Amino acid sequence: MLRDHRPLILKRFDQNFQKWYANRFLRPYFERLGRGCIFMKPWHVEIFGGPIILGDYATVIATPDRRIRLTVWSALGKEGRIEIGNCCLLCPGVRISAATEIVIGESCMLAQGSFVTDSDWHGVYDRGLPIGMTAPVHIEKNVWIGDSAIVCKGVRIGENSIIGAGSVVVRDIPANAVAAGNPATVLKYLDADKPVKTRADWLADPGALAAQFEEIDRHFMKDNTWLGWFRSLILPRKGD
């Protein structure tokens, strides 16, 4: 991982610009965009259709090669929707595509490249149909969807469950389960004697968390200079 050579003031400017960009260019496309949301590289987030709801203190991370895409595309005379709860994490390359309804509960984490859909997006027998069969998807609180996993139409995933990387979920997964494979099956259950700490717990005091990150930034960036930052851009060297 490359070290951040920017002066702290430049990092703060970048963060404030990204916040301004999200409010100016993304907020109008949401039915509701909660307070305290963090967008990283918001110009690589694509919103199409609606209504789309994103809860409080969500973190959305996009990159040039892995855009975030939230899409509602419904049949004529019908209305789809996407609702994402508080404190969720959407990593680069996440796609959520709804024709009917996709509801994602509080504190869910969707890893890089994961895909959630409630439709086939074409008819099985009539390939000219643009949507095909569709059924609502419900992902309950604190679910972790692994890297490149696919959650298909009509599925319900129970609270706290984990879906392994690369899995294809075509049937319901119960709460507190670890499931993987194609099609995904339950491999084991979480230890009921061990408490599960959620992202909502971690974000319970956002002010204190922000102060903690500020302290970390000041510690690791205290020696950064404008000259050193320019040098790292044009003459990178080992250790940068």
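Remember, predicted model here, so these are calculated numbers, not experimental data.
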Step through the shown structure and confirm whether more than 12 heavy atoms of other residues, nucleotides or ligands are within 6.0 Å of NZ on Lys11.
yes

Within-4.5 Å side-chain heavy-atom neighbours: Trp229 and Leu10
yes

When you compare the side chain of Met221 with that of Pro7, does any pair of heavy atoms fall below 4.5 Å?
no

Heavy-atom neighbours of Leu190 CG exceed 12 at 6.0 Å:
yes

Just to verify, which of His5, Arg3, Arg6 counts as forming a side-chain hydrogen bond (donor to acceptor under 3.5 Å, both in side chains) with Asn224?
Arg3

For residues Thr117 and Arg95, is any side-chain donor paired with an opposing acceptor at under 3.5 Å?
no

Could you tell me which non-hydrogen atom of Pro51 sits nearest to which non-hydrogen atom of Gly80, and how far apart they are?
CD-O, 3.2 Å

Measuring from atom NE2 of His44 to atom CD1 of Ile68, what distance do you get when rounded to the nearest 0.5 angstrom?
11.5 Å

What's the separation between atom CZ in Phe213 and atom CD in Gln15, rounded to the nearest 0.5 Å?
10.0 Å

Looking only at the aromatic ring of each residue, does the gap between the centers of Trp43 and Tyr21 stay below 6.0 angstrom?
yes

If I take atom CD1 from residue Ile61 and atom CG from residue Leu90, how far apart are they, to the nearest 0.5 angstrom?
9.0 Å

Pair Lys153 + Glu101, salt bridge at N-O below 4.0 Å:
no

Verdict with reasoning, Ser232 to Arg237, per side chain to side chain donor-acceptor pair (under 3.5 Å)
CA-CA 7 Å; Ser232 71; Arg237 63 192 181 199; over 6 Å; no

Would the number of heavy atoms belonging to other residues, nucleotides or ligands and lying under 6.0 Å from NZ of Lys222 be above 12?
yes

Checking the side chain of Asp205 only, and the main-chain atoms of Ala208 only, is there a donor and an acceptor separated by less than 3.5 Å?
yes

Contact summary for Val94 and Ala111, nearest pair of heavy atoms
CG2-O, 3.5 Å

Rounding to 0.5 Å, atoms OG (Ser114) and CD1 (Ile150) come to a distance of 9.5 Å

Heavy-atom check, side chain of Met109 versus side chain of Trp144, under 4.5 Å:
yes

Does the pair Glu159/Lys141 count as a salt bridge with the N-to-O cut at 4.0 Å?
no

Establish, from distance only, whether the side-chain atoms of Trp202 and Thr198 form a donor-acceptor pair under 3.5 Å.
no

Would a 4.5 Å heavy-atom cut-off, applied to side chains only, mark Leu110 and Cys91 as touching?
no

Can you see which heavy atom on Val45 is nearest to which on Ala62, and at what distance?
CG2-CB, 3.9 Å

What is the ring orientation for Phe230 with Trp226, classed by angle as parallel under 30°, tilted 30 to 60°, or perpendicular over 60°?
tilted

Heavy atoms only: give me the nearest Cys88-Ile104 pair and the separation to one decimal.
SG-CG2, 4.3 Å

Which is it for Asn142 and Val196 under the side chain to side chain contact (heavy atoms under 4.5 Å, CB included) test, yes or no, and what are the steps along the way?
CA-CA 9 Å; Asn142 201 40; Val196 178; 3.1 Å; yes

Taking the ring centre of each residue, are Trp20 and Phe25 less than 6.0 Å apart?
yes

Of all heavy-atom pairs linking Ile173 and Ala184, the shortest is CD1-O, 4.3 Å

Would the number of heavy atoms belonging to other residues, nucleotides or ligands and lying under 6.0 Å from CE of Met133 be above 12?
no

Do other residues, nucleotides or ligands put more than 12 heavy atoms under 6.0 Å from Leu227 CG?
no

Can Phe30 and Ile52 be said to form a side chain to side chain contact (heavy atoms under 4.5 Å, CB included), step by step?
CA-CA 5 Å; Phe30 285 95; Ile52 298 173; 3.8 Å; yes

Does Arg81 come within less than 4.0 Å of Glu79, counting only side-chain N to carboxylate O?
no

Backbone N or O of Val103 within a donor-acceptor pair of the His138 side chain at under 3.5 Å?
no

What are the two closest heavy atoms between Pro206 and Tyr57, and how far apart are they?
CG-OH, 3.6 Å

Check whether any side-chain heavy atom of Glu214 sits under 4.5 Å from a side-chain heavy atom of Arg12, and report yes or no.
yes

What is the distance from atom CG of Leu33 to atom CG of Leu26, rounded to the nearest 0.5 Å?
8.0 Å

Asp118, Val151, Thr71, Leu70 screened by side chain to side chain contact (heavy atoms under 4.5 Å, CB included) with Ile96, the one that passes
Leu70

Electrostatic pair Arg35-Asp56, nearest N-O below 4.0 angstrom:
yes

